[in-house]
Amino acid sequence: MRPILIGTVLLSIAAAYYIYLPLPSTISEPWKLMFSDALIRGMMKNTTYLFFSQSFLAHDLGLTSPFGLAKYYSAWADAKSIESSSSVRVTEASFGGVEALVFESAAAGQEQSLKRGVVYFHGGGWTLGSTKMEPYFLQCMTMAEELNAVVISVEYRLAPDARFPDQYNDVFQASKHILTAEVLGRYSIDPKRVAVSGDSAGGNLAAAVAQQVALDSSIPIKFKVQALVYPALQALDFNTPSYQQNANMPILDRPMVARFWLEYLNGEQKLVPALLANNHTALDQGQEIAATKAKTDWTKLLPVAFQKSYKPVFPLHGDPKLLEKLPGLLDVRAAPLLAETKVLKAVPPAYIMTCEHDVLRDDGLMYATRLEEAGVDVTVDHFEDGFHGCLSFAFGPFAFSVGRRSLGNYIHWLKENL
């Protein structure tokens, strides 16, 4: 009996050690997040950290791409079937050669009325995810029903099969095709009430597409609003206050962001340490980078409350070949925060969701400042207890209160402004 008791105690201690993370008390439901994170790390079916580490090991052995196994395991998160409900009709379609899922509100008595339209791009670091992943599927179903809308979730290509600018080109071509009288008429979408939206990497794509659509004179129908959910908007500074504060925070840590950017921009994973050290923006990198850095200068773009006591990180000497190897770092299609002010003046009103415990928090806040300075109406919806990806935790047995609140706020803003 005594050995069993000792074994039980030791096992409990080991489990607690595995589960426990030193999370700030202000984060939403920290123990639930710890438990969820432990499951993510420990279950092959729903893994992130574990399959990421396995993917990177397999890549180092020359067996697969850096996220190869991650892509395989993430397929387990796809909805078991693509089924309509009594209130939302779901169909597959193609726009400009790009596949998509279409979620059409089938509200009683509303069949003949024009509806809102939302063009949505899922997250996943330009590498993972799909329109069929259960969180995105359920999110789009909910949006279509509550907004009495047609939500078009675009299935853009992913790395490593596609690299920048392929993902951008896919979502832009799909958007351009959707923003035609023919397509909008087919789905009874009001041409004056169409939004573009996305989360994380999808928020990056949504911001970039919003800029290009606003400038493209060949597209007569424009987006009315853009809704960006914790977007990734730049890769010049991996040491903003939010990167420093949340370096090891679930669900997205600082090294993982660099890995995703390198996968998107077709860079070698061995460059991760150089990016994290900001070697690509060192003081000896020349005038082009010096001029560009002003658009990511968080000492001027971030509200003081978010700067806290953090200091900028700009090495004296960097790698002069980094920008040659990764030209996409300075391309506004990959980094919308770097757009010129004259471009920003043309984009539609914006909703930007940010989370306090997210490495990407400051990307969204800096973009909000730049848009406001350009005269664009911006709503910043900041969640003090939020973490990256929290909106995807609005459903299921592991739903978080911040997940439900963030989804509710997001839909409410669209209802009021679209």
Side-chain angles (χ1 to χ4, degrees), residues 75 77-124 129-158 167-199 201-203 205-206 209-210 213 219 221-229 391-392 394-395 407 410-411 414-415 418:
D78 283 358
K80 297 300 180 285
S81 61
I82 306 303
E83 295 183 355
S84 300
S85 69
S86 60
S87 56
V88 178
R89 180 169 53 251
V90 185
T91 56
E92 296 179 294
S94 177
F95 302 98
V98 182
E99 299 300 314
L101 283 184
V102 182
F103 301 78
E104 299 176 75
S105 169
Q110 301 292 327
E111 291 83 356
Q112 302 303 317
S113 62
L114 291 179
K115 300 179 176 67
R116 300 179 177 92
V118 181
V119 181
Y120 194 84
F121 311 137
H122 68 78
S130 80
T131 62
K132 299 178 179 67
M133 277 189 74
E134 193 164 16
Y136 291 120
F137 188 85
L138 294 175
Q139 175 187 329
C140 290
M141 288 281 284
T142 303
M143 290 166 62
E145 180 176 6
E146 295 194 14
L147 290 170
N148 185 31
V150 177
V151 179
I152 301 175
S153 184
V154 179
E155 194 75 87
Y156 57 90
R157 289 173 292 168
L158 301 172
Q167 289 89 332
Y168 166 83
N169 287 338
D170 281 358
V171 295
F172 177 68
Q173 287 303 319
S175 299
K176 187 173 183 178
H177 190 80
I178 292 166
L179 292 172
T180 60
E182 176 189 356
V183 172
L184 297 180
R186 183 192 313 160
Y187 291 102
S188 298
I189 298 174
D190 188 340
K192 297 180 180 179
R193 294 196 299 169
V194 186
V196 63
S197 183
D199 68 291
L205 295 170
V209 166
V213 167
I219 305 176
I221 300 173
K222 304 295 184 181
F223 289 119
K224 182 179 180 181
V225 296
Q226 56 182 317
L228 315 177
V229 178
L391 191 144
S392 293
F395 309 97
L407 178 63
Y410 166 71
I411 290 176
L414 286 171
K415 189 176 292 185
L418 181 60

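Heads up: numbering here begins at 1 and tracks the sequence. No hydrogens, no waters, no symmetry mates; every other heavy atom, side chains included, goes into these values.
- The distance from atom OH of Y187 to atom CD of E182, rounded to the nearest 0.5 Å, is 10.5 Å.
- Under the 3.5 Å distance criterion, the side-chain polar atoms of Y136 are matched with a main-chain donor or acceptor of G123.
- Side-chain contact between R193 and K115 is absent, with no heavy atoms from C-beta onward closer than 4.5 Å.
- A pairwise comparison of heavy atoms in A201 and G124 identifies CB-N, 4.3 Å as the closest pair.
- Residues V213 and F172 are in side-chain contact: their nearest non-hydrogen atoms beyond the backbone lie under 4.5 Å apart.
- Between V151 and V88 the shortest side-chain heavy-atom distance does not fall below 4.5 Å.
- Nearest heavy-atom pair across I152 and A100 is CG2-CB, 3.9 Å.
- Considering every non-hydrogen atom in both L228 and A206, the closest pair reads CD2-CB, 3.8 Å.
- R89 meets the side-chain contact (heavy atoms from CB on, under 4.5 Å) test with S84, T91, E104, A106; sequence neighbours excluded.
- Aromatic ring pairs are classed by plane angle as parallel below 30°, tilted from 30° to 60° and perpendicular above 60°; the pair H177 and F95 is tilted.
- Going from atom CD1 of I411 over to atom CG of L407 covers 4.0 Å, rounded to the nearest 0.5 Å.
- Remark: the backbone N or O of H122 is paired with a side-chain donor or acceptor of Y156 at under 3.5 angstrom.
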After noting the C-alpha distance and the side-chain angles of V118 and L418, does the key distance pass the side chain to side chain contact (heavy atoms under 4.5 Å, CB included) rule?
CA-CA 9 Å; V118 181; L418 181 60; 4.0 Å; yes

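- Between V183 and R186, some side-chain heavy-atom pair lies under the 4.5 Å cut-off.
- Here NZ of K222 is found 8.5 Å from CG of L179. Values are rounded to the nearest 0.5 Å.
- For the atom pair CZ (F121) and OG1 (T131), the distance works out to 12.5 Å, reported to the nearest 0.5 Å.
- Here the closest non-hydrogen pair linking S105 and A144 is CB-O, 3.3 Å.
- Distance check: S153 OG to M143 CE gives 9.0 Å after rounding to the nearest 0.5 Å.
- For G129 against E155, the heavy-atom pair with the smallest separation is O-OE2, 4.5 Å.
- Listed by chain and residue number, E99 satisfy the side-chain contact (heavy atoms from CB on, under 4.5 Å) test with S94 (two or more places apart in sequence, or in another chain).
- Using a 4.5 Å cut-off on side-chain heavy atoms (C-beta onward), I178 and L184 make contact.
- The shortest side-chain heavy-atom distance between I189 and V194 falls under the 4.5 Å cut-off.
- Under the 4.5 Å side-chain criterion, counting only non-hydrogen atoms from C-beta, L101 is in contact with E92.
- Residues forming a side-chain contact (heavy atoms from CB on, under 4.5 Å) with K415 (at least two apart in sequence, or on another chain): R116, L147.
- Nearest heavy atom pair, residue A93 against residue V102, reads CB-CG2, 3.9 Å.
- Listed for the D170 side chain is a donor-acceptor partner under 3.5 Å among the backbone atoms of R157.
- Aromatic ring pairs are classed by plane angle as parallel below 30°, tilted from 30° to 60° and perpendicular above 60°; the pair Y120 and Y410 is perpendicular.
- Using cut-offs of 30° and 60° for the angle between ring planes, the F137 and F103 rings count as perpendicular.
- To the nearest 0.5 Å, the span separating OG on S175 from CD1 on I219 amounts to 8.0 Å.
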